[in-house]
Visitor: 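Can you keep this structure in mind? I'll have questions shortly.
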Amino acid sequence: MIKLTVNAAETFPILILPFFESENLQVLLNSISEQIGFEQKELYADFKAKAKETAIGMTRTQQKVYFLGLGNGKNPSEVSKVFRSFFNANKDKFKNDISVFLHNSQLGKVAADIAQGIFLGEYQIAKLKTAQKDLISIYESRSTINFQSDRDLQKLLERGRALAETQMKIMTWVDAPANYKTPQMVAAWIQESGKENGFEVEVFDEKACDEMGLKALLAVGRGSIDNPASFVVMKYTHPEAQKTVGLIGKGVTFDTGGVSLKPGDNMNYMKSDMGGAAAVSGTIEMAAKLKLKVNIVVAVPLTENCIDGKAVKPGDVIGSYSGKTIEVINTDAEGRLILADALAYVKKNHQPDVMIDLATLTGNCIQALGYAAAALLSNNDDLADSISKAGLETGEKVWRMPLWDDYKDMMKSDVADIKNLSTAPLAGAITAAKFLEEFIDGHTNWAHLDIAGVAFGDSEYGSMKSSTGFGVKLLVEWLETNL
Ligand code: BES
Ligand code: MN
Ligand code: ZN
């Protein structure tokens, strides 16, 4: 395991010098170069410190120096991203001790982000390749990374590492193929995390779900005879907690669409349809690691959405935990069905002060916001504002959409209490949230985050999309500033 130290005087054979863009950058470069004995001025003559820009050279004492651009400092997720891709690209070259020179206070402030990025650089998605590489990278070595700084940064650095480790764990879950993450396997992973980090986990199997009356979850699960649905409830408590937060995450381990089958192109990406469940599980893990003064109850309904003779058919009317009947117009709108049960369950059994659900819920959310932000829908302005703010702080951005009753009639069914899909092909992210609102039983402090566009994305980890780990940093920031 890499050791993190903070020592202004100690410096190692590899030296990383991060810089934000600034007007007097060349002056700064000159003065730092003088300080460290770097004489090859021409090597940084064109260096602008744009995000991910690098310049490389040697000091008089044969120290290898990397100048690393961090961009203009306006995007809060940039620093971590720059370090992540820099370490990811160089991990096999970095085998020994490294120094990171935090030469001004602006860099001290982002120490946690730097550590987070450094550790995220280890993440890799090639977990099932058989050829083992024999190169040992810095992550498998017992090297030290020393941060040259006068400030007491140790806590911030360890926090960045802890966040990266939790994020990588849930990224592994989201990137796992569906045949490596049945609902039963995901439930076991969550149990393991609970044991390791000190929170309670209860797993309800199909039979228990049936006894509890989680009818909508079981209806979706009926399409998968061999990998039945499962319902996981996690609890973290702190003796000084003032409030209880309920977190709910969509856990569809693969979404074929069901009988309303999806087209084949890119259907493989639907292994990421449990990104909401991963995010809320990661959040309670971080809350336990950081010993946050709050009570948290997390519920994740886990199921595949597949096709079988017993699968739900379009037009079927199903029951739900709340007692309301639902006409299933389209079996591909399955996320809202399982969330309906989880929301009603958490409200009824735990009466949390706040309820927040995260779900890769609609393609329409991506139509509206693209890949830059999650959609936020809430019946409480203060809650919406505080989540939006946490989004800007962390760079895991959210953008609010309306939850007005103008959209409510679109979900009215002729034959049941509500239908799961509007007949009009518009405002899909909003009407999905209006559907969920029917199952919170009048809770006045609820927010829904549609993370369809942000949970899975392009990155240096591979040529195809992979997990972003979205949600953990956002929710931890929100918990810390609001409770
Ligand atoms: N899991 C999907 C939403 C989704 C789409 C997530 C693309 C990530 C990327 C959800 O279950 C779904 O299938 N939604 C449908 C609803 C449709 C039947 C109205 C959609 O949005 O296309
Ligand atoms: Mn679907
Ligand atoms: Zn889905």
Visitor: With sequence neighbours left out, which residue pairs that include part of residues 361-372 fulfil the side-chain hydrogen bond (donor to acceptor under 3.5 Å, both in side chains) condition?
Guide: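 Every side-chain hydrogen bond (donor to acceptor under 3.5 Å, both in side chains) pair that includes a residue of residues 361-372, provided the two are not neighbours, is Thr362-Asp450.
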Visitor: Could you go through the side-chain hydrogen bond (donor to acceptor under 3.5 Å, both in side chains) check for Asp175 and Tyr123 one step at a time?
Guide: CA-CA 11 Å; Asp175 286 329; Tyr123 187 68; 2.6 Å; yes
Visitor: Who are the ring-ring contact (aromatic ring centres under 6.0 Å, His included) partners of Phe83, not counting sequence neighbours?
Guide: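 Phe83 satisfies ring-ring contact (aromatic ring centres under 6.0 Å, His included) with no other residue.
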Visitor: What are the two closest heavy atoms between Leu343 and Met355, and how far apart are they?
Guide: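 In terms of heavy atoms, the two residues are closest at O-SD, 4.0 Å.
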Visitor: Salt bridge check: are Glu396 and Lys81 linked by an N-O gap of less than 4.0 Å?
Guide: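 Looking at Glu396 and Lys81, the cut-off is not met.
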Visitor: Using a 3.5 Å cut-off and no angle test, enumerate the donor-acceptor pairs between side-chain atoms of residues 311-319 and protein atoms at least two apart in sequence or in another chain.
Guide:
unit_1	atom_1	unit_2	atom_2	d
Asp316	OD2	Lys313	N	2.8

Visitor: With a 4.0 Å cut-off, would you call Arg161 and Glu158 a salt bridge?
Guide: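 Salt bridge between Arg161 and Glu158, a charged N being under 4.0 Å from a carboxylate O: yes.
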Visitor: Look at Lys169 together with Glu285 and state whether they make a salt bridge at an N to O cut-off of under 4.0 Å.
Guide: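 The answer is yes: the pair qualifies as a salt bridge.
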Visitor: Take Phe439 and Lys347 through the side chain to side chain contact (heavy atoms under 4.5 Å, CB included) test and state the conclusion after the steps.
Guide: CA-CA 9 Å; Phe439 296 89; Lys347 165 71 171 43; over 6 Å; no
Visitor: Of all the heavy-atom pairs spanning Met286 and Ala162, show the shortest one and how long it is.
Guide: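 Closest approach of Met286 to Ala162: SD-O, 3.8 Å.
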Visitor: Which residue in the set Thr256, Asp255, Asp273 passes side-chain hydrogen bond (donor to acceptor under 3.5 Å, both in side chains) when paired with Asn305?
Guide: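 Testing each of Thr256, Asp255, Asp273 against Asn305, the sole residue satisfying side-chain hydrogen bond (donor to acceptor under 3.5 Å, both in side chains) is Asp255.
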Visitor: Under 6.0 Å from the NZ atom of Lys215, do we count more than 12 heavy atoms belonging to anything else shown?
Guide: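 Count not over threshold, so no.
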Visitor: With a 4.0 Å cut-off, would you call Asp113 and Lys473 a salt bridge?
Guide: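 Looking at Asp113 and Lys473, the cut-off is met.
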Visitor: Flag the pair Lys181 and Glu304 as a salt bridge only when some basic side-chain nitrogen lies within less than 4.0 angstrom of an acidic carboxylate oxygen.
Guide: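 Salt bridge flag = no for Glu304 with Lys181.
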Visitor: Kindly indicate, with the supporting measurements, whether the criterion side-chain hydrogen bond (donor to acceptor under 3.5 Å, both in side chains) is fulfilled by Trp446 and Ser378.
Guide: CA-CA 6 Å; Trp446 161 68; Ser378 178; over 6 Å; no
Visitor: Between Glu438 and Lys324, is the closest basic N to carboxylate O distance under 4.0 Å?
Guide: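 Answer for the salt bridge query: yes.
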Visitor: Salt-bridged, Lys262 to Asp332, with N to O below 4.0 Å?
Guide: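 Yes.
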Visitor: Give the C-alpha distance, both sets of side-chain angles, the deciding distance and a yes or no for side-chain hydrogen bond (donor to acceptor under 3.5 Å, both in side chains) between Asn72 and Glu21.
Guide: CA-CA 5 Å; Asn72 61 16; Glu21 288 172 46; 5.2 Å; no
Visitor: When you check the side-chain N and O atoms of Thr325 and Asp417, is any donor under 3.5 Å from an acceptor?
Guide: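 Yes, a side-chain donor-acceptor pair sits under 3.5 Å.
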Visitor: Identify the heavy atoms of Val100 and Pro18 that sit nearest to each other, and give their distance.
Guide: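 What the structure gives for the nearest pair is CG1-CG, 4.2 Å.
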Visitor: Would one find more than 12 heavy atoms of other residues, nucleotides or ligands at under 6.0 Å from atom NZ of Lys408?
Guide: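 Counting other residues, nucleotides and ligands, NZ of Lys408 stays at 12 neighbours or fewer.
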Visitor: Hey, is NZ on Lys207 packed in by over 12 heavy atoms from elsewhere, all under 6.0 Å?
Guide: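 12 or below, so no.
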Visitor: What do you reckon, is NZ of Lys389 surrounded by more than 12 foreign heavy atoms closer than 6.0 Å?
Guide: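 No.
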Visitor: Taking the six-membered ring for Trp and the single ring otherwise, decide whether the centroids of Tyr345 and Phe231 are under 6.0 Å apart.
Guide: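 Ring centres of Phe231 and Tyr345 closer than 6.0 Å.
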